[in-house]
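Worksheet for the structure shown next.
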Amino acid sequence: QVQLVESGGGLVQAGGSLRLSCAASGRTFRTYSMGWFRQAPGKERECVAAIRWSDDRTYYADSVKGRFTISRDNAKNTMYLQMNSLKPEDTATYYCAADRSSFYRNYDDLKAPTYNYWGQGTQVTVSS
């Protein structure tokens with residue numbers, strides 16, 4: 001069982017930045033593909049960024065390309081989402097997700113909300 005704990009959310013003005021962190025349990029963190037998802041009220045959960053464990057290939061939603069950066073520190077069992085140039089439409093609860101160890105995802109599947117483990121979410125609110 002993998003436990004995920006997000007942190008770093010908060011209230012920020014449009015144009016500002018936040019960095020989300022996702023701390024994971026487990027001794028095989030480096031073999032988890034992981035993703036950041038968000039869900040706004042009344043909307044479906046969507047993947048904003050993901051990273052594949054085997055080659056660090058990344059996926060970004062079109063809406064965040066050039067503004068958000070996903071990264072991971074395997075030594076710290078932590079994944080990050082650096083969010084710059086935030087917009088009011090980025091307001092949502094952000095969740096991190098992880099696959100089971102060594103599971104390989106095709107690139108097109110990185111954005112699918114079918115990960116095995118999920119954090120509790122952290123709220124990001126961007127004011128205009």
### Task
Decide salt bridge (charged side-chain N to carboxylate O under 4.0 Å, His left out) for Lys87 and Asp90; before the verdict, give the C-alpha distance in whole Å, the side-chain angles of both, and the deciding distance to 0.1 Å.
CA-CA 5 Å; Lys87 304 176 181 180; Asp90 294 318; over 6 Å; no
4.5 Å side-chain heavy-atom contact, [X] and [Y]:
X: Pro113; Y: Phe37; value: yes
X: Ser17; Y: Gln82; value: yes
X: Thr114; Y: Asp109; value: no
X: Met79; Y: Ser21; value: no
X: Ile51; Y: Tyr59; value: no
X: Phe29; Y: Arg72; value: yes
X: Met83; Y: Val124; value: yes
X: Ser63; Y: Arg38; value: yes

### Query
Got a sec, which pairs hit disulfide bond (SG atoms under 2.5 Å apart) with one end in residues 41-80, sequence neighbours left out?
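Counting only pairs at least two positions apart or across chains, no disulfide bond (SG atoms under 2.5 Å apart) contact touches residues 41-80.
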Do [X] and [Y] get their side chains close enough for a donor-acceptor pair, meaning under 3.5 Å?
X: Arg52; Y: Tyr104; result: yes
X: Thr31; Y: Ser101; result: yes
X: Asp73; Y: Thr78; result: no
X: Gln13; Y: Ser127; result: no

At their closest point, which heavy atom of [X] faces which heavy atom of [Y], and how far apart are they?
X: Val48; Y: Tyr94; value: CG2-CE2, 4.4 Å
X: Ser128; Y: Ala14; value: CA-CB, 4.4 Å
X: Val2; Y: Ala24; value: CG1-CB, 4.5 Å
X: Arg67; Y: Leu86; value: NH1-CA, 3.8 Å

Is it the case that one hydrophobic cluster holds both [X] and [Y], taking links as side-chain heavy atoms less than 4.5 Å apart, direct or via other members?
X: Leu18; Y: Tyr95; result: no
X: Trp53; Y: Leu81; result: no
X: Leu110; Y: Leu20; result: no

Kindly indicate whether a cation-pi arrangement holds for [X] with [Y], taking the cut-offs as under 6.0 Å to the six-membered ring centre and within 45° of the axis.
X: Arg105; Y: Tyr115; value: yes
X: Arg45; Y: Trp118; value: yes
X: Arg100; Y: Tyr32; value: no
X: Arg19; Y: Tyr80; value: yes

Would you say [X]'s side chain and [Y]'s backbone share a donor-acceptor pair under 3.5 angstrom?
X: Thr125; Y: Leu11; value: no
X: Asn106; Y: Asp108; value: no
X: Glu6; Y: Cys96; value: yes

#### Entry: Pair Phe103-Asn116, side chain to side chain contact (heavy atoms under 4.5 Å, CB included): steps then yes or no
CA-CA 10 Å; Phe103 179 76; Asn116 291 85; 5.6 Å; no
### Task
Please test Tyr117 against Asp99 for side chain to side chain contact (heavy atoms under 4.5 Å, CB included), starting from the C-alpha separation and ending with a verdict.
CA-CA 6 Å; Tyr117 306 104; Asp99 266 329; over 6 Å; no
### Query
Would the number of heavy atoms belonging to other residues, nucleotides or ligands and lying under 6.0 Å from CD of Gln120 be above 12?
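More than 12 heavy atoms, drawn from other residues, nucleotides or ligands, come within 6.0 Å of this atom.
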